[in-house]
Number of protein chains: 2
Amino acid sequence: MTLKMTLDDQLCFSIYSASHAIARMYRPLLDPMGLTYPQYLVLLALWERDGRRVRELGADLLLDSNTLTPLLKRMQAADLVARTRNPEDERSVLVSLTEKGHALRAQAEDMAPCVAKAMGDDMEELAELRDRLHRLRARLDGADQPA
Amino acid sequence: MTLKMTLDDQLCFSIYSASHAIARMYRPLLDPMGLTYPQYLVLLALWERDGRRVRELGADLLLDSNTLTPLLKRMQAADLVARTRNPEDERSVLVSLTEKGHALRAQAEDMAPCVAKAMGDDMEELAELRDRLHRLRARLDGADQPA
DNA sequence: TCATATTAAATCGCACACGATCTAATCGCA
DNA sequence: TGCGATTAGATCGTGTGCGATTTAATATGA
């Protein structure tokens, strides 16, 4: 069994296009909250654990400061997060949720039925897909950085 | 079975991060060919069927002209494709492979072992994942555009 | 036939991603 | 103690994605 060199046969394209399709699906849901899709992912990470350093956020999201710094500055400008120098170590910056950032969580939870409807409501299938993708990413990251 | 509001539990994040991980994996392979990852996908589409209109390419890749036009212009500047007005309908532009664009196919095929190694060589698993993603994307696209 | 609607690309503006580089703070060790 | 190495963010440049608009060409119907 080999994958042919055609778009439809390539796993890489199925991930690429599914990823964009998901972002497109989320956009109209996030727009009313003034959020972009990556900003929503940052909030997911912060709702889980608040007051993180940029680097820790980046480890969760697999993003570096060159992406996160401008993104977080926009979120700061939108009053979603606060960025403060870490008194313990002035090199690092602590990112924490504002009232508004906290408050959006309830609204975000309301998206769930809509998201489930768009993706299909077979939660078993979606969880299975999530786990397979998780394993693939682990293999990809593990290959280059066996740390 | 529900997905919790945490990064790791969200299907959306597993796709997002896997998608970027794949692009990162391809980068060092494509760099020597002077290709970006989206440019490689365009070539995949053209190797399959050459001389397409921008709109047709966009239908395959799920991209609009606002993304494709600049991308194709860069590929034209790199002598990978030619862009010519369609004599049958001057509104449309035909995109066709140059010699160089054709020639890269052989080189691209040589990436396969490396890609398989990075993703894991369980082709059954990868094909299964591809099909599940394909079905998800079809559901997502079908929800908004039932055409 | 000719104005209007439709269609295909192109253009514009903004927000990611990311390689490469820079700056500032802390660490480590002679 | 003090200086080179390390570390954390920030900055810069390039290349996507995509909503919104514009331009040019073709189709359509009174």
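The sequence lines fix the lettering, A, B, ..., with proteins before strands; numbering per chain opens at 1. Hydrogens, waters and symmetry mates play no part in the numbers below; they use all other heavy atoms, side chains included.
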Pairwise 5' ranking along DNA chain D for Leu72(A) and Arg27(A), keeping only the more 5' one: Leu72(A)

Residue closer to the 5' end of DNA chain D, Ser92(A) versus Ala21(A) (nearest nucleotide): Ser92(A)

What's the closest nucleotide to the [X] side chain, out of [options]?
X: Arg74(A); options: dA17(C), dA15(C), dT16(D); answer: dA15(C)
X: Tyr16(A); options: dG17(D), dA8(C), dA10(D); answer: dG17(D)
X: Ser65(B); options: dC18(C), dA9(C), dG17(D); answer: dA9(C)
X: Arg91(B); options: dA8(C), dA10(D), dC18(D); answer: dA8(C)
X: Thr36(A); options: dA10(D), dA9(C), dC16(C); answer: dC16(C)
X: Thr69(B); options: dC16(C), dT11(C), dC18(C); answer: dT11(C)
X: Leu63(A); options: dA17(C), dA24(C), dT16(D); answer: dA17(C)
X: Gln39(A); options: dA9(C), dA15(C), dC27(C); answer: dA15(C)
X: Val54(B); options: dG9(D), dA9(C), dC18(D); answer: dA9(C)

Between [atom2] of [N] and [atom1] of [X], the distance in whole Å:
X: Met25(A); N: dG17(D); atom1: CE; atom2: C1'; result: 17 Å
X: His20(B); N: dT16(D); atom1: NE2; atom2: C1'; result: 11 Å
X: Leu30(A); N: dG19(D); atom1: CG; atom2: P; result: 13 Å
X: Arg53(B); N: dA25(D); atom1: CZ; atom2: P; result: 16 Å
X: Gln76(A); N: dA10(D); atom1: CD; atom2: C1'; result: 13 Å
X: Asn86(A); N: dC27(C); atom1: CG; atom2: P; result: 11 Å
X: Leu62(B); N: dG19(D); atom1: CG; atom2: P; result: 13 Å
X: Arg55(A); N: dA25(C); atom1: CZ; atom2: C1'; result: 14 Å

N-O pairing of Asp89(A) and Arg53(A) below 4.0 Å: no

Answer yes or no: is there a donor N or O on one side and an acceptor on the other, between the side chain of [X] and the main chain of [Y], under 3.5 Å?
X: Ser92(A); Y: Asn86(A); value: no
X: Ser65(A); Y: Leu68(A); value: no
X: Arg27(A); Y: Thr36(A); value: no

DNA chain C: 5'-proximal contact among Asp89(A) and Glu56(B) (nearest heavy atom): Glu56(B)

Asp64(A) or Glu88(A), whichever maps to the more 5' nucleotide of DNA chain C: Asp64(A)

Check: dG19(C) base within 3.5 Å donor-acceptor of Asn66(A) side chain: yes

Residue-phosphate contact under 4.0 Å: Lys73(A) side-chain N/O, dT11(D) OP1/OP2: yes

Any Arg24(B) side-chain N or O less than 4.0 Å from OP1/OP2 of dC18(C): yes

Sugar-phosphate only, base, or nothing, as touched by Thr67(A) at under 4.0 Å among non-hydrogen atoms: base

Distance in Å, His20(A) NE2 paired with Ile15(B) CD1, rounded so as to fall on 0.5 Å steps: 12.0 Å

Base partner of dA5(C), which must satisfy Watson-Crick or wobble distances under 3.5 Å: dT26(D)

Other residues, nucleotides, ligands: >12 heavy atoms within 6.0 Å of Arg83(A) CZ: yes

